[in-house]
Amino acid sequence: MANLSALRRTAIVAGVFYLATEITSIPALLLYQPVLRDGNYLTGADADNRVLLGGFLELLLVVACIGSAVTLYPVVKRQNHSIALGYVCGRLLESAIIVVGAVSVLVAVSLRQDLSGTADAGNPAVAAIERSLVAIHDWTFLLGPSWVLGFNSFLLAYLVYRSGLVPRAIAVLGMSGGALVTLSATAMLFGVYGQSVHTVLALPVFAWEVSFAIWLIVKGFKPSAITAIRSPEVAGHTPLPLG
């Protein structure tokens with residue numbers, strides 16, 4: 001009972017981390033809009049605190065990404081150690097790319113504060129720097145929270161599908177959604193279509209993350225799957241330490 005309780009806590013923590021990735025990432029993107037979409041951030045109305053709050057939320061997003069991987073690794077590695085390790089490394093790569101994108105936006109804040117009230121604020125060269133910083137963020141958003149995210153989602157969903165830790169429907173949603181968003185990001189990379197189409201194609205992976213998080217928080221890992229993984233009679237598995 002104590003061991004199952006420990007695993008239940010692990011499921012809740014992992015679910016909270018996964019839910020936190022959605023709670024932080026979407027508001028952060030909205031808070032970044034004065035930099036990303038207005039086109040005149042350096043000379044426009046003061047929105048520094050809003051953008052800085054977005055940067056802080058992305059730091060929390062990075063913590064949630066790494067936390068989810070570290071929390072789930074001891075559980076899913078018993079299904080396939082190499083794939084589980086690949087998932088953790090992919091999550092770290094995704095987090096690193098997110099940090100690069102956040103830094104590019106925060107540099108724009110520093111640039112605005114340094115040039116505020118000076119004649120250089122309207123300099124075409126400065127405007128070109130601002131556009132470059134926005135381009136860096138846009139590319140990191142495509143590569144990290146889209147391409148790499150889809151790859152990571154597929155790996156984790158495959159592991160939980162094989163182990164039966166959550167309902168198969170949720171795992172299939174993760175595998176299909178992860179593959180779809182990675183393929184969509186690849187299409188965007190080569191200019192096949194724009195952000196609006198990609199956003200629609202990213203909805204399945206969003207649904208996977210939310211449903212996976214809620215299931216872990218409310219229900220936890222399926223006891224029958226844990227028993228199967230722990231059983232030494234199951235071919236290819238070693239007992240799962242729950243303590």
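Note that the structure is a prediction, hence the values are computed from the model and not measured.
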message: Using side-chain contact (heavy atoms from CB on, under 4.5 Å), reason through E58 and L61 one step at a time and then give a plain yes or no.
response: CA-CA 5 Å; E58 285 221 294; L61 169 61; 4.1 Å; yes
Starting at [atom1] of [X], measure out to [atom2] of [Y] and round the result to the nearest 0.5 Å.
X: L155; Y: L85; atom1: CG; atom2: CG; value: 10.5 Å
X: I97; Y: C65; atom1: CD1; atom2: SG; value: 11.0 Å
X: L60; Y: T21; atom1: CG; atom2: OG1; value: 12.0 Å
X: D138; Y: L143; atom1: CG; atom2: CG; value: 11.0 Å
X: L156; Y: F151; atom1: CG; atom2: CZ; value: 12.0 Å
X: I98; Y: L93; atom1: CD1; atom2: CG; value: 10.0 Å

message: Using a 3.5 Å distance criterion without hydrogens, assess whether the side chain of T182 forms a donor-acceptor pair with backbone atoms of A179.
response: no
Grouping I, L, V, M, F, W and Y whenever their side-chain heavy atoms are under 4.5 Å apart, do [X] and [Y] come out in a common cluster?
X: F212; Y: L203; value: no
X: V109; Y: F141; value: yes
X: V107; Y: V62; value: yes
X: V105; Y: L133; value: yes
X: V99; Y: L29; value: yes

Using side-chain heavy atoms (C-beta onward) and a distance below 4.5 Å, is [X] in contact with [Y]?
X: L7; Y: F221; result: yes
X: S176; Y: W208; result: no
X: V166; Y: L216; result: yes
X: L72; Y: F17; result: no
X: Y87; Y: I83; result: no
X: R112; Y: E130; result: no
X: W147; Y: L189; result: no
X: S110; Y: L106; result: no

Distance-minimising heavy-atom pair for [X] and [Y]:
X: T140; Y: P145; value: O-CD, 3.2 Å
X: S211; Y: I170; value: OG-CG2, 3.8 Å
X: Y73; Y: H81; value: OH-NE2, 2.8 Å
X: G178; Y: S153; value: CA-CB, 4.1 Å
X: H198; Y: S184; value: ND1-OG, 2.6 Å
X: E94; Y: G144; value: CG-O, 3.8 Å

- prompt: Does the side-chain contact (heavy atoms from CB on, under 4.5 Å) test come out yes or no for I66 and L92, once each step is laid out?
  reply: CA-CA 6 Å; I66 296 174; L92 290 172; 3.9 Å; yes
field: Residue pairs fulfilling salt bridge (Lys or Arg N to Asp or Glu O under 4.0 Å) with at least one residue in residues 96-105, sequence neighbours excluded
entry: none
task: Determine, for Y18 and R91, whether the Lys NZ or Arg CZ falls below 6.0 Å from the six-membered ring centre while staying within 45 degrees of the axis.
output: yes
message: side-chain contact (heavy atoms from CB on, under 4.5 Å), that's the test. Do V76 and L165 meet it? Break it down for me.
response: CA-CA 9 Å; V76 297; L165 289 168; 4.2 Å; yes
